[in-house]
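Can you read through this structure? Questions will come right after.
Chain identifiers are assigned alphabetically (A, B, ...) following the order of the sequence lines, protein sequences preceding nucleic acid strands; residue numbering begins at 1 within each chain.
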Amino acid sequence: MINLETPDYLASMRSSMNNLAAGVLRPIARKYDAAEHEYPAELDMFRGMQILGRPKKKKADAPKPDGGNGKPKKGINLSTVATIEEMCWGDAGLLLSIPNAGLGNAAIAAVATDEQLERFGGKWAAMAITEPGSGSDSGSITTTARRDGGEWVLNGEKIFVTCADRCDIVVVWATVDRSAGKSGIKSFIVEKGTPGFKLEHLEHKLGIRASDTGTFVLDECRIPFDNILGSAEVKKDTEGFKGVMKTFDNTRPMVASMATGIARASLDFTREKLDESGATIDYKRNLNNVGSLEKDFYLMEAHLEAMRLLVWRAAWMADTEQFNNVEASMAKAKAGRQGTLITQKCCELLGPLGFSKEHLAEKWMRDSKIMDIFEGTGQIQHLIIARNVLEMSGKDLK
Amino acid sequence: MINLETPDYLASMRSSMNNLAAGVLRPIARKYDAAEHEYPAELDMFRGMQILGRPKKKKADAPKPDGGNGKPKKGINLSTVATIEEMCWGDAGLLLSIPNAGLGNAAIAAVATDEQLERFGGKWAAMAITEPGSGSDSGSITTTARRDGGEWVLNGEKIFVTCADRCDIVVVWATVDRSAGKSGIKSFIVEKGTPGFKLEHLEHKLGIRASDTGTFVLDECRIPFDNILGSAEVKKDTEGFKGVMKTFDNTRPMVASMATGIARASLDFTREKLDESGATIDYKRNLNNVGSLEKDFYLMEAHLEAMRLLVWRAAWMADTEQFNNVEASMAKAKAGRQGTLITQKCCELLGPLGFSKEHLAEKWMRDSKIMDIFEGTGQIQHLIIARNVLEMSGKDLK
Amino acid sequence: MICFACSEEQTLMKETAAKLVQGAIADAAHQMDETGRIPDDAVRKFRELGTLLAAIPEEYGGYGMGNSPIMNSIILEELAAGDMGFAIAATLPALFLMPVMDCGTDAQKARHLADFAADPDGACGTLAINEPRFRFDPYDLATTAVRKNGSYILNGTKCFVPLAETARRIMIAAALDGTNGLFIVDRNNPGLTVGAREKNLGLNSLATHPITLTDCEIPADDRLGGDAGCDYDRLLQRTWTAIAAIGTGICRASYEYAKNYAKEREQFGEAIASRQSIAFMIAEMAYEVDAMRLMTWKAASALEAGRDAQREAYLARIYAGEMAMKLTDYGVQVLGGHGYIREHPVERYYRNGRGIAILEGMAIA
Amino acid sequence: MICFACSEEQTLMKETAAKLVQGAIADAAHQMDETGRIPDDAVRKFRELGTLLAAIPEEYGGYGMGNSPIMNSIILEELAAGDMGFAIAATLPALFLMPVMDCGTDAQKARHLADFAADPDGACGTLAINEPRFRFDPYDLATTAVRKNGSYILNGTKCFVPLAETARRIMIAAALDGTNGLFIVDRNNPGLTVGAREKNLGLNSLATHPITLTDCEIPADDRLGGDAGCDYDRLLQRTWTAIAAIGTGICRASYEYAKNYAKEREQFGEAIASRQSIAFMIAEMAYEVDAMRLMTWKAASALEAGRDAQREAYLARIYAGEMAMKLTDYGVQVLGGHGYIREHPVERYYRNGRGIAILEGMAIA
């Protein structure tokens with residue numbers, strides 16, 4: 001039965017996460033924006049916390065993701081996106097810098113063997129997918145993994161790797177057979193310090209500067225055969241690749257929720273200034289009869305609500321074991337774009353306060369922009385949605 | 001030397017055209033919106049007027065389009081778009097119903113032989129291009145013209161023909177050789193009453209209801225061989241087709257100017273209501289410090305100015321013999337889309353006054369919408385612009 | 001617990017309403033729009049479902065099953081996907097009776113609810129909120145009520161009053177001593193004049209009328225809620241939620257028609273949907289329609305929980321207004337020239353969609 | 001006669017400015033942004049063109065060739081296409097001297113114009129309009145001037161004052177008896193404090209400072225225009241036109257970079273420009289940049305004709321603000337992840353572009 005009231009447990013979780021974000025992240029947000037690439041030592045306190053709902057140790061010890069009854073643990077996706085919104089209300093760059101909560105950790109938690117969990121479970125794992133020539137086109141990966149006896153030999157270049165400097169290990173996507181297309185793509189765990197594995201440089205970015213993004217070069221880099229995640233077999237169909245891609249059905253709502261959290265931070269600050277200036281925000285008057293600032297505020301808040309509801313729906317579907325590929329993209333498409341629009345509109349409405357680094361509004365605008373880009377740009381999300389609702393193939397709708 | 005000040009001659013022409021529009025068109029705008037398809041007899045007064053700068057008789061008698069010195073008559077395109085804006089400020093549907101000023105007349109004036117001018121110069125000529133299966137895709141015309149002795153035999157169906165009921169003759173686009181693609185497309189003059197030429201029905205439209213839009217069926221319709229416009233020869237290249245298409249370089253700014261005129265009518269009415277309600281429009285205050293209605297008004301007026309300037313530039317280029325294909329599409333793309341946005345936003349701002357037929361605002365919104373559709377949709381215009389600035393072919397950028 | 005899916009009961013009602021629309025409205029909607037008439041039969045078929053009677057307490061002759069703003073929103077979306085005018089006409093008695101149920105005195109409930117329960121097909125009441133002026137705002141009414149001994153004297157002008165001509169009573173929103181109230185006026189009160197049917201941009205299937213109140217005197221007992229007055233905020237919250245539901249229905253209909261058209265229509269030898277400019281409009285329509293629905297349900301959930309829904313209903317309503325402008329425009333644009341022809345329903349959705357941002361109090365959730 | 005094309009002289013100056021930017025700025029702009037320093041050499045090269053001296057009347061040591069807001073707009077667009085901070089720094093003395101030329105008393109002209117003509121490379125003056133507060137409006141200044149015998153006493157806080165640290169004089173906008181005036185304050189006036197260099201979202205190559213005025217006393221003669229005051233409207237019209245020109249330059253740079261990138265960058269085996277979603281962003285950038293420029297020229301034409309340009313300058317300015325937001329965002333989006341990296345200039349255009357809607361009085365046309 002339709003019920004979109006926020007459950008009490010979620011409301012109280014949001015509230016405590018907001019306290020955490022306000023108390024720990026917000027105060028150091030500007031510091032690590034200025035000190036680009038410097039590790040935020042304050043985040044060590046999160047090292048032991050399972051903040052994003054991911055098991056952090058080997059499977060046997062981890063809380064069962066399925067709650068022990070074959071059904072997924074109740075509401076874990078919804079709790080996760082709600083937590084992410086609060087944390088990003090605190091600071092998105094810092095959330096992305098929380099130790100041992102990298103995308104690579106999610107991949108390992110999802111598919112690693114017990115033996116791999118034993119070896120890598122406690123380590124901070126980054127994820128290396130994108131290449132200079134690929135962008136949003138994950139299927140065109142050119143980094144190769146060649147088998148040589150009991151080892152894999154990796155060659156290639158990976159860009160836009162989050163936590164590149166701070167991580168212990170990197171999950172690298174490479175092809176074992178280029179002629180096999182997407183089916184040939186596998187992921188491999190490469191440990192820092194492995195000969196032939198080099199962190200080339202860190203990027204200087206528009207926003208989320210607290211997060212270290214880097215480029216790796218793999219040059220005849222040898223890793224043990226057992227470092228492959230999943231099967232080494234190349235299947236004829238693309239099921240294997242689809243499995244890899246499915247990770248993104250979960251991560252897209254997370255990114256969308258990051259956009260929501262940042263946009264809310266901007267709106268809250270704008271609201272504060274509106275209140276101080278004597279404006280009345282009572283959700284009553286016709287939009288034609290309010291000040292221009294109030295109208296913009298109301299419309300932005302409506303869009304923010306729409307963003308959150310699309311995110312929550314996608315997460316709720318995952319929690320109730322429904323295939324949410326389209327809904328995940330809808331949340332990402334909407335929130336990514338709208339987050340950019342809201343945060344930049346707030347800067348405009350704030351006037352001089354939106355251009356000065358005395359306040360965080362300008363930073364939120366910079367941080368937000370990445371949410372419409374990474375994990376698939378808005379354009380890619382629209383393609384996914386359109387292909388699905390129009391029931392067209394990637395060939396018919398490029 | 002850059003100078004965007006409106007010249008005095010143009011200002012006074014705008015003023016007198018505006019008086020004409022206010023005195024003649026505006027008062028009967030609602031009447032012919034309600035009486036869809038009824039011929040506006042009041043427009044007979046325009047029958048003798050060369051309102052859109054087109055020669056209406058045979059070439060020898062017509063004012064030289066080149067002013068007699070090999071250069072185009074000074075400012076005729078600019079005067080025309082300025083006139084159109086004023087007339088559409090009065091009423092767009094009625095402008096499109098002005099006798100003997102159809103698109104067909106423009107085509108005849110451009111390429112007819114003296115003999116053809118003699119026969120058809122004084123007649124009202126519609127233009128029939130679009131087919132049920134073609135839309136914006138003029139190159140895919142399936143109506144055929146087969147030569148049979150001293151006659152052409154036409155077969156096919158034409159939709160969206162403006163002035164279908166009222167015109168005397170129709171310029172029909174047909175292919176003489178489908179295998180020749182675009183080079184095979186020619187235009188033919190078909191007189192009303194010709195056997196096998198039937199006005200199938202008139203359309204009921206969202207707006208511009210004063211204008212009669214209809215569907216013709218050609219069924220073994222025989223016309224004299226001399227009724228072909230231009231050469232019957234099928235050239236290998238597509239120069240001939242490009243020549244036909246070039247008509248649109250002139251008509252696109254005209255349609256864009258129609259959109260500008262309608263949008264201005266909406267804005268003027270909104271301004272009137274704003275003034276009555278005590279609002280101050282002084283172009284001074286920061287947008288953050290005005291009412292929501294005022295902010296929307298200012299921004300719409302800025303966009304209106306942008307529309308007009310893009311239109312005037314395209315017309316000025318034509319007047320100064322510059323190739324204006326891209327600029328014509330820029331004007332059309334911007335004005336078509338923005339005209340829709342402005343007229344519908346005005347309805348929203350006017351509240352109950354924007355929904356009732358007591359006022360013309362709702363009509364302007366309906367009329368405006370066609371400007372983003374006919375003579376090439378906004379999407380087609382963006383394609384033309386993109387291909388040009390990116391220097392990409394139609395094959396590379398579909 | 002939070003849930004984004006319909007229950008079996010909700011699904012059943014949704015499907016029933018959809019089936020009714022499919023049968024009685026879908027093909028007729030264009031004709032209804034052109035002729036300005038809604039078939040009585042279609043309205044009767046909907047009324048037979050008894051959704052309103054179900055909500056009326058047993059003591060007043062109803063089934064006493066409680067009122068569900070969520071269910072009402074689901075139904076309104078389905079009906080509006082057929083025709084906005086029909087959605088309003090079919091659910092109309094609720095516009096008068098729901099405020100009575102929410103805020104009426106016992107005597108008002110006994111009279112009006114029982115009247116309706118005794119003759120559910122008979123002419124009932126309607127609601128008059130809109131006023132024909134620039135900057136109209138339901139929180140800034142120009143229509144006034146003044147207390148005079150045992151009466152109220154009403155003055156003002158209203159517009160867009162649905163089915164005012166045939167209603168037996170009209171609920172009038174008026175300002176009273178700096179607050180806003182509702183006043184029940186008999187159709188044949190000499191101080192009330194119902195004007196000729198209005199001509200509007202959209203909503204053409206539905207007869208709407210202007211109303212003039214000239215020193216219109218009513219007994220003090222006919223103020224809704226008596227001397228205590230009514231919960232005007234909640235009434236607006238419920239009508240805003242309903243408008244959002246109707247907007248969702250219109251946009252969904254436009255989206256679905258445009259989507260199917262884009263797949264079937266070929267240009268340059270390929271379906272026009274194969275072009276990103278068309279496909280991305282479809283994609284945006286897809287997720288914005290969903291967002292509109294979720295916003296509506298969010299407001300309805302708050303109402304259903306008995307919470308103050310001021311924020312949620314307001315946001316749902318302004319979002320629906322903005323999106324109805326945008327999405328029904330996309331619907332026409334996807335069809336190009338064909339979208340401009342009245343035989344394609346996107347044209348009607350376009351006109352009706354413009355009412356979502358403008359009209360107040362035409363339905364209730 | 002109306003004309004949309006540059007004259008030979010205008011083309012020459014445009015190309016000269018473009019060449020200067022190409023040589024001294026284009027490759028260095030990223031470094032300038034990161035280090036916060038503009039090479040003196042580049043500024044000197046621009047000043048050597050003598051555009052400002054040319055405008056100053058001969059009697060004050062200039063070339064007396066008249067001032068052309070159109071030419072100034074053309075130049076500002078070119079400079080801003082290189083770097084917004086550079087455009088402001090290079091043309092800075094004009095920000096102080098143009099108001100003097102427009103409205104100064106003979107004595108003020110004689111002093112300040114001649115000072116500059118004698119030493120065009122020396123530190124000159126700057127202009128302080130912005131105030132660090134919510135709802136700041138140049139027509140609603142919180143900084144005040146009060147007449148006191150032969151002096152004015154200024155109080156208030158300003159921000160975003162370009163090169164305030166090195167300026168010899170600062171022109172302060174302040175409210176005076178319900179009107180707005182400009183007041184010339186010596187850098188070392190004890191009532192004036194220049195704060196530490198600001199940290200801003202964009203415009204990082206340019207040093208800007210806050211200023212505090214505490215009972216800052218200046219001789220009454222230092223009110224611009226003397227007792228008659230100045231034409232504040234016209235000053236704002238000229239700065240708005242300049243901001244619009246700068247916005248055009250930034251957006252054009254973003255457009256051109258994105259366009260070239262989209263043609264060269266391949267994905268799925270084809271240039272990303274072959275996708276309509278990318279190509280249509282490029283198309284929109286193309287015509288909106290043109291529209292921005294035409295709006296700027298329209299305002300500049302009115303100024304050049306000596307007409308009141310209130311409407312044209314205001315519209316050009318708000319249009320530039322809106323479009324700078326939108327188009328520089330497109331620029332980043334076309335590049336995707338690469339657009340987020342500071343090595344690609346679209347990132348800088350994005351940040352600087354946000355200043356167009358916010359900043360007041362940073363340049364003059």
Open item on the list: For C:Ala305, which atoms come within 4.5 Å of any heavy atom of chain A: side chain, backbone, both, or neither?
Closed with: side chain

- [ ] Determine the option with the most heavy-atom pairs under 4.5 angstrom with chain C, choosing from A:Met330, A:Glu5, A:Gln322.
- [x]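 It is A:Glu5.
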
Task: Option in A:Asn286, A:Ile2, A:Leu299, A:Val326 with maximal non-hydrogen atom pairs under 4.5 Å from chain C - done: A:Ile2

TODO: Please look at C:Gln310 and chain A and tell me whether the side chain, the backbone, both or neither of the residue comes under 4.5 angstrom of a heavy atom of that chain.
DONE: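 Both parts, backbone and side chain.
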
- [ ] Determine yes or no for a side-chain-to-main-chain donor-acceptor pair under 3.5 angstrom, with C:Ser254 supplying the side chain and C:Tyr349 the backbone.
- [x] no

Task: Positive for side chain to side chain contact (heavy atoms under 4.5 Å, CB included) with A:Leu349, one of A:Met300, A:Gln344, A:Lys273 - done: A:Met300

TODO: Could you look at A:Leu383 and say if it's the side chain, the backbone, both or neither that has a heavy atom under 4.5 Å from chain C?
DONE: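 Both backbone and side chain.
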
Task: C:Phe136, part contacting chain A, at a heavy-atom distance under 4.5 Å - done: backbone

- [ ] Decide, yes or no, whether a salt bridge links C:Arg317 with C:Glu322 under the criterion of side-chain N to carboxylate O below 4.0 Å.
- [x]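 Looking at C:Arg317 and C:Glu322, the cut-off is not met.
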
- [ ] Answer yes or no: is there an ion pair linking A:Glu375 with A:Lys332, defined by an N-O contact shorter than 4.0 Å?
- [x] no

Open item on the list: Given heavy-atom pairs under 4.5 angstrom as the criterion, report whether the side chain, backbone, both or neither of A:Gln379 touches chain C.
Closed with: both

Task: Toward chain C, the part of A:Asp282 with a non-hydrogen atom under 4.5 Å - done: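 Answer is backbone: N, CA, C or O of A:Asp282 sit under 4.5 Å from chain C.
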
Open item on the list: Could you tell me if A:His303 and A:Tyr298 have a donor-acceptor pair between their side chains, going purely by distance under 3.5 Å?
Closed with: no

Open item on the list: Is any side-chain heavy atom of C:Asp233 closer than 4.5 Å to one of A:Lys284?
Closed with: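 Contact flag for A:Lys284/C:Asp233 side chains = yes.
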
Open item on the list: Would you call the rings of C:Tyr232 and C:Tyr139 parallel, tilted or perpendicular, taking 30° and 60° as the class edges?
Closed with: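 Rings of C:Tyr232 and C:Tyr139: perpendicular, over 60°.
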
- [ ] Report the option among C:Asn260, C:Asp140, C:Ile70 that has the most heavy-atom pairs separated by less than 4.5 Å from atoms of chain A.
- [x] C:Ile70

Open item on the list: Please rank A:Ile385, A:Leu309, A:Leu397 by heavy-atom pairs under 4.5 Å with chain C and give me the top one.
Closed with: A:Leu309

Task: Most contacts with chain A, counted as non-hydrogen pairs under 4.5 angstrom, among C:Glu304, C:Met281, C:Met323, C:Glu288 - done: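 Winner by heavy-atom pair count: C:Glu288.
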
Task: Between A:Asp8, A:Ile384, A:Asn288, A:Asp396, the one whose heavy-atom pairs under 4.5 Å with chain C are most numerous - done: A:Asp396

Open item on the list: Please identify which of these residues, C:Lys263, C:Arg265, C:Arg275, meets the salt bridge (Lys or Arg N to Asp or Glu O under 4.0 Å) condition with C:Glu270.
Closed with: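 Output: one option passes, namely C:Arg275.
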
